[in-house]
There are 2 protein chains.
Amino acid sequence: MADEGTPEVPRPGRPVRGSETGRPIMAALDLLGRRWALRVIWELHQGPAGFRELQRRCERMSSSVLSTRLEELTTARVVAGGDRYRLTPLGERLVRALLPLQEWSDAWDADLRE
Amino acid sequence: MADEGTPEVPRPGRPVRGSETGRPIMAALDLLGRRWALRVIWELHQGPAGFRELQRRCERMSSSVLSTRLEELTTARVVAGGDRYRLTPLGERLVRALLPLQEWSDAWDADLRE
DNA sequence: GACGAGTGCTTCGGTTTCCGAACCACTATG
DNA sequence: CATAGTGGTTCGGAAACCGAAGCACTCGTC
């Protein structure tokens with residue numbers, strides 16, 4: 001489904017960009033702080049999708065980057081491929097952890113409108 | 001505190017990278033999906049910090065990128081400058097929305113160790 | 001008052017990442 | 001056979017990021 005080369009995916013327990021400690025939260029911030037990563041997870045929460053459908057949901061996201069992100073998220077066991085891409089139980093749990101963000105973004109909207 | 005040029009900061013209500021709709025959540029995902037953005041917010045939650053101290057907390061983060069992120073986050077009213085940088089009430093609320101992520105990252109760690 | 005030592009940044013050349021159109025191989029469906 | 005859709009990969013150009021260096025300033029202190 002994707003190249004299994006040497007993809008350099010952040011993992012807890014290993015030093016990542018900006019942290020030698022390997023603290024899980026730092027690995028998570030690295031993984032999720034890559035372009036489109038949060039968005040892909042968010043869109044998959046709306047339901048499983050094939051490659052091209054997922055790309056459409058992300059409004060013209062580059063296919064090459066989508067491919068890379070899917071590989072990273074798959075390695076991280078957040079996403080699983082097969083017939084279509086879908087969130088793993090771990091991925092679902094991540095989305096639940098991210099749900100308060102939607103609420104916050106509405107508050108942010110309200111705040112900036114003042 | 002930083003250049004007030006034309007910084008192109010994502011805002012709810014405006015089309016952002018990957019979304020023409022301007023839905024607040026999409027603007028938030030864009031803002032927070034930039035390198036170091038989540039980390040800077042996370043570190044400021046440990047307490048206010050001056051520029052160089054914040055850079056140290058982020059373990060050798062590039063000063064130029066820190067400068068850019070601080071400008072974006074300030075424009076977004078998540079961070080405020082002054083004597084030292086600190087989270088605004090909106091920023092504190094954002095951190096609270098992000099707290100479940102720490103818990104998740106520990107579960108992620110446990111899952112990957114299997 | 002000249003010396004560090006620290007601060008808040010900016011500049012700039014080099015590297016990495018991202019973008020996106022084109023393309024390839026495959027599977028329908030008509 | 002043609003057309004349309006799928007799951008990607010390739011690759012040249014653009015944008016983002018990196019990090020060492022430097023600048024202007026303040027704060028002791030000798």
Side-chain angles (χ1 to χ4, degrees), chain A residues 1-10 15-20 26 29-41 43-44 47-76 79-86, chain B residues 1-10 15-20 26 29-41 43-44 47-76 79-86:
Chain A
M1 210 137 194
D3 180 22
E4 224 65 27
T6 316
E8 206 64 44
V9 179
V16 294
R17 182 181 58 195
S19 179
E20 302 300 318
M26 293 305 162
L29 293 181
D30 185 5
L31 181 70
L32 303 176
R34 301 185 172 195
R35 200 154 286 177
W36 295 102
L38 287 169
R39 176 67 180 270
V40 165
I41 293 166
E43 292 298 340
L44 280 180
F51 187 91
R52 273 178 140 93
E53 184 187 341
L54 189 51
Q55 188 180 14
R56 273 191 300 270
R57 287 192 199 169
C58 291
E59 293 172 65
R60 287 190 289 290
M61 168 185 192
S62 167
S63 58
S64 50
V65 177
L66 176 55
S67 181
T68 305
R69 286 297 96 83
L70 284 173
E71 184 183 342
E72 291 166 359
L73 294 173
T74 301
T75 301
V79 165
D83 182 25
R84 329 175 81 192
Y85 290 102
R86 63 186 64 243
Chain B
M1 208 135 195
D3 180 21
E4 225 64 26
T6 316
E8 204 66 44
V9 180
V16 293
R17 181 183 59 195
S19 179
E20 302 301 317
M26 294 305 161
L29 293 181
D30 185 4
L31 180 70
L32 302 177
R34 302 185 172 195
R35 199 155 289 177
W36 296 102
L38 287 170
R39 177 68 180 270
V40 165
I41 292 165
E43 294 297 341
L44 279 180
F51 187 91
R52 272 178 140 98
E53 185 187 341
L54 189 51
Q55 188 181 14
R56 272 191 300 269
R57 286 192 200 169
C58 292
E59 294 174 65
R60 287 190 289 287
M61 167 184 193
S62 167
S63 56
S64 50
V65 177
L66 176 55
S67 181
T68 305
R69 285 299 96 82
L70 284 173
E71 184 183 343
E72 291 166 359
L73 294 173
T74 300
T75 302
V79 165
D83 183 24
R84 329 175 80 192
Y85 289 102
R86 63 187 64 244

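Side chains are part of it too, since the values below use all heavy atoms of this structure and drop only hydrogens, waters and symmetry mates.
Proximity of A:Tyr85 to the phosphate of D:dG8: a side-chain N or O atom is located under 4.0 Å from OP1 or OP2. The side chain of A:Arg56 contributes an N or O atom lying less than 4.0 Å from OP1 or OP2 of D:dT6. The side chain of B:Arg69 contributes no N or O atom lying less than 4.0 Å from OP1 or OP2 of C:dC9. The shortest distance between the side-chain N/O atoms of A:Trp36 and the OP1/OP2 oxygens of C:dT17 is not below 4.0 Å.
If you take CG of B:Leu70 and P of C:dG8, they are 10 Å apart, rounded to a whole angstrom. Per the geometry, CZ belonging to A:Arg84 stands 9 Å off P belonging to D:dG7, to the nearest Å. Taking atom CZ on B:Arg34 and atom P on C:dC18, their separation rounds to 13 Å, with Å as the unit. Rounded to whole angstrom, the span from the CG atom of B:Asp30 across to the P atom of C:dC19 amounts to 10 Å. Going from atom CD of B:Glu53 over to atom P of C:dG6 covers 14 Å, rounded to whole Å. Atom-to-atom, CD of A:Glu71 to P of D:dT10 comes out at 12 Å; the value is rounded to the nearest Å. Across the protein-nucleic acid pair, B:Leu54 atom CG and C:dG6 atom P stand 18 Å apart, rounded to whole Å. In this structure, the CD atom of A:Gln55 is 13 Å from the C1' atom of C:dA22, given to the nearest Å.
In terms of position along DNA chain D, the nucleotide closest to A:Thr68 lies nearer the 5' end than the nucleotide closest to the other residue of the pair A:Thr68 and A:Arg17.
With sequence neighbours left out, the side chain to side chain contact (heavy atoms under 4.5 Å, CB included) criterion links A:Ser63 to A:Phe51, A:Gln55. By the side chain to side chain donor-acceptor pair (under 3.5 Å) test, B:Arg35 is found to be paired with no residue, residues two or more places apart in sequence or in another chain being considered. Residues satisfying the side chain to side chain contact (heavy atoms under 4.5 Å, CB included) criterion with B:Ser64, sequence neighbours excluded, are B:Ser62. Residues meeting the side chain to side chain donor-acceptor pair (under 3.5 Å) test with A:Glu43, sequence neighbours left out: A:Arg39.
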Hey, what are the protein-to-nucleotides 19-23 of chain D N/O distances that come in under 3.5 Å?
{"from": "D:dG19", "atom 1": "OP2", "to": "B:Arg60", "atom 2": "O", "distance (Å)": "3.4"}
{"from": "D:dG19", "atom 1": "N7", "to": "B:Ser62", "atom 2": "OG", "distance (Å)": "2.6"}
{"from": "D:dG19", "atom 1": "O6", "to": "B:Ser64", "atom 2": "OG", "distance (Å)": "2.8"}

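Nearest nucleotide to the side chain of B:Arg35, out of C:dC18, C:dC19, C:dC9: C:dC18.
Shortest non-hydrogen contact noted between B:Pro48 and B:Arg84 is O-NH1, 3.7 Å. Minimum heavy-atom separation, A:Asp30 to A:Pro10: OD2-CB, 3.7 Å.
The distance from atom CG of A:Leu31 to atom CG of B:Leu38, rounded to the nearest 0.5 Å, is 11.0 Å. The line from OH of B:Tyr85 to CG of B:Leu70 is 5.0 Å long, rounded to the nearest 0.5 Å.
The overall bend of the helix from C:dG1-D:dC30 to C:dG30-D:dC1, read as the angle between its terminal helix axes built from five base pairs each, is 10° when rounded to 10 degrees.
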- Query: Between A:Glu72 and A:Arg69, does a salt bridge (charged side-chain N to carboxylate O under 4.0 Å, His left out) hold up when you go through it step by step?
  - Reply: CA-CA 5 Å; A:Glu72 291 166 359; A:Arg69 286 297 96 83; 2.8 Å; yes
